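Single-structure report; data block below.
Keep in mind that what you see is a predicted model, and the values were worked out from it rather than measured. Numbering starts at 1 and runs along the sequence shown.
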Amino acid sequence: MKTDQSLQFEPELLKKYDRSGPRYTSYPTAVQFTDRFTEADLQAAIARSNEQANPLSFYFHIPFCDTLCFYCGCNKIATKDRSKTAPYLQRLLQELQMYRVLLNPQREVQQLHLGGGTPTFMSMPEMAQLMSAVFDHFKCANDDQGEYSIEIDPREITPQGVAELRRMGFNRISLGVQDFEADVQKAVNRIQSEEQTFAVIQAARDNDFRSISIDLIYGLPHQTVESFSRTLQKIIHVAPDRLSIFNYAHLPELFKPQRRINESDLPSAEEKLRILQSCIRELNAAGYIHIGMDHFAKPDDELSIAQREGKLHRNFQGYSTNAGCDMLGLGVSSIGKIADTYVQNFKGLDDYYQAIDSDHFALQRGLRLNAEDRLRRAFINQLICHYSLDMQAFGDEWNIDVKQHFAAELSNLQDMQADGLLQLDERQIVILPKGRLLVRNICMVFDQYLKQQQGSSRFSKAI
């Protein structure tokens with residue numbers, strides 16, 4: 001079923017449906033994970049995944065940052081002490097070895113991602129040691145087939161460092177920018193020049209990185225339609241393969257650094273909508289495809305191709321081209337998906353170190369999905385990635401009558417259908433151009449856990 005990649009901006013509908021809800025990087029979401037999930041459960045999940053023999057994806061979380069960006073909601077440790085990376089790397093390598101002992105050695109590593117924090121807070125020799133531990137001791141896809149990516153803070157690396165990363169095996173790069181305006185940067189404590197940013201982008205091109213992605217954030221202090229357009233046009237000019245235009249979620253009760261942001265400096269809800277509308281118009285004019293939610297890509301990018309071919313998937317890193325991988329999350333707070341389970345490491349550095357030093361996985365909590373969870377996960381993934389679902393084909397695959405199984409949910413879509421967000425008939429659900437920015441809201445209808453979380457402040461708003 002071909003995805004309709006057009007997008008229609010309807011401010012009144014966005015206001016009507018703009019409520020908090022999950023981003024569905026997993027289903028069930030992490031709210032449902034339990035500390036009753038044990039190390040024995042994890043080992044059993046690895047055994048089941050070995051039987052399935054799916055390819056592997058590694059995510060390494062590097063939590064350290066030299067400076068604290070006030071908007072950030074990630075799990076990070078702000079420090080000037082670069083010596084902290086050596087003991088952390090030691091534990092990462094130990095954790096990797098613990099997984100290696102249990103995994104079938106014939107399983108191929110097809111994806112790897114370093115996120116943070118700031119991965120480039122580590123020294124280049126430390127980064128090389130980590131990558132060698134993967135490439136020397138696991139069966140890894142070659143450079144043409146494997147997706148090996150790293151998040152870059154342009155303030156933390158030189159063009160020579162970018163070249164070193166390519167020699168280590170990285171072939172994709174993601175850069176945090178957020179905004180180039182001086183008053184915005186000062187308000188969020190992220191001072192980053194255009195020259196630094198563009199030098200890293202050029203270095204990535206010079207060293208044949210296969211994909212360059214840029215992150216921007218709208219809704220930050222002092223932003224206006226005009227000011228954010230200036231930043232966006234500068235980014236469009238250097239033509240990254242992908243852009244993520246994230247909505248800033250101001251949740252100071254959850255993220256203490258956000259308390260340093262003056263709430264009166266934030267743009268109004270109406271101005272945020274105008275910024276978003278302007279972004280969509282400018283990116284469309286520049287030829288970018290709206291992949292979903294806050295992600296845009298060139299038509300020839302792998303994400304765009306995967307969506308057109310029905311192979312797009314969503315995981316803890318966002319949209320992904322490979323739906324078949326088991327993901328191992330290593331480092332503090334990392335989340336993995338192994339067979340039919342989700343697992344998450346301890347969020348605190350001391351707890352993580354203590355577990356690894358005791359030759360135990362740093363498991364804090366997890367969840368084994370039941371049959372209904374797996375069914376709904378597939379249903380939500382289809383909608384959030386491809387904006388349509390053939391009910392007969394889905395029912396045949398999962399051995400259910402979709403209209404009967406989801407009778408209440410389909411009935412609850414009637415208002416959305418009346419508002420033109422989607423088309424629902426006897427055969428299929430199709431999310432229309434008016435509904436694409438509200439795909440989270442549509443997926444929320446099929447989330448059987450969400451009613452238990454009404455009023456929760458754990459989730460950001462859709463827009």
If you take the centroid of each ring, where Trp contributes its six-membered ring, are [Y] and [X] closer together than 6.0 Å?
| X | Y | answer |
| --- | --- | --- |
| F379 | F446 | yes |
| Y99 | F58 | no |
| Y88 | F64 | yes |

| Does the ring of Y24 carry R440 above it, NZ/CZ under 6.0 angstrom from centre and within 45° of its axis? |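 Negative - R440 is either too far from the ring of Y24 or too far off its axis.
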
| Aromatic F209 / basic R172 pairing, under 6.0 angstrom, 45° off normal |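 Ring-cation test returns no.
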
In terms of relative ring orientation, are [X] and [Y] parallel, tilted or perpendicular, with 30° and 60° separating the classes?
| X | Y | result |
| --- | --- | --- |
| H295 | Y319 | perpendicular |
| H250 | Y248 | tilted |
| Y387 | H290 | tilted |

| task | Evaluate the side chain to side chain donor-acceptor pair (under 3.5 Å) criterion for residues E95 and N345: first the C-alpha distance (whole Å), next the side-chain angles of each, then the deciding distance (0.1 Å), finally the verdict. | result | CA-CA 11 Å; E95 186 180 14; N345 279 353; 2.8 Å; yes

| side chain to side chain donor-acceptor pair (under 3.5 Å) with S149: which residues, sequence neighbours excluded? |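 Here the qualifying residues are H113.
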
| query | In chain order, what residues pass the side chain to side chain donor-acceptor pair (under 3.5 Å) check against D301, with sequence neighbours excluded? | reply |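 R242.
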
Is any side-chain N of the basic residue among [X] and [Y] closer than 4.0 Å to the acidic one's carboxylate O?
| X | Y | answer |
| --- | --- | --- |
| D41 | R368 | no |
| D447 | R376 | no |
| E302 | R210 | yes |

| message | Taking atom NZ as the centre, does K311 end up with more than 12 heavy-atom neighbours from other residues, nucleotides or ligands that are less than 6.0 angstrom away? | response |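 Incorrect, the count does not exceed 12.
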
| field | More than 12 heavy atoms from other groups under 6.0 Å of CG on N399 | value |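 No, not enclosed.
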
| Looking only at heavy atoms, what is the nearest atom pair of I157 and G161, with distance? |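 Taking every non-hydrogen atom into account, CD1-C, 3.7 Å.
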
| request: Decide yes or no on side chain to side chain donor-acceptor pair (under 3.5 Å) for Q185 and R190, but give the supporting numbers first. | output: CA-CA 5 Å; Q185 291 189 357; R190 186 185 176 100; over 6 Å; no

| message | What's the separation between atom CG in L93 and atom CZ in F60, rounded to the nearest 0.5 Å? | response |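 Interatomic distance, L93 CG to F60 CZ, rounded to 0.5 Å: 8.0 Å.
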
| query | Given Q428 and L389, is the side chain to side chain contact (heavy atoms under 4.5 Å, CB included) satisfied, shown in steps? | reply | CA-CA 6 Å; Q428 62 183 351; L389 185 141; over 6 Å; no

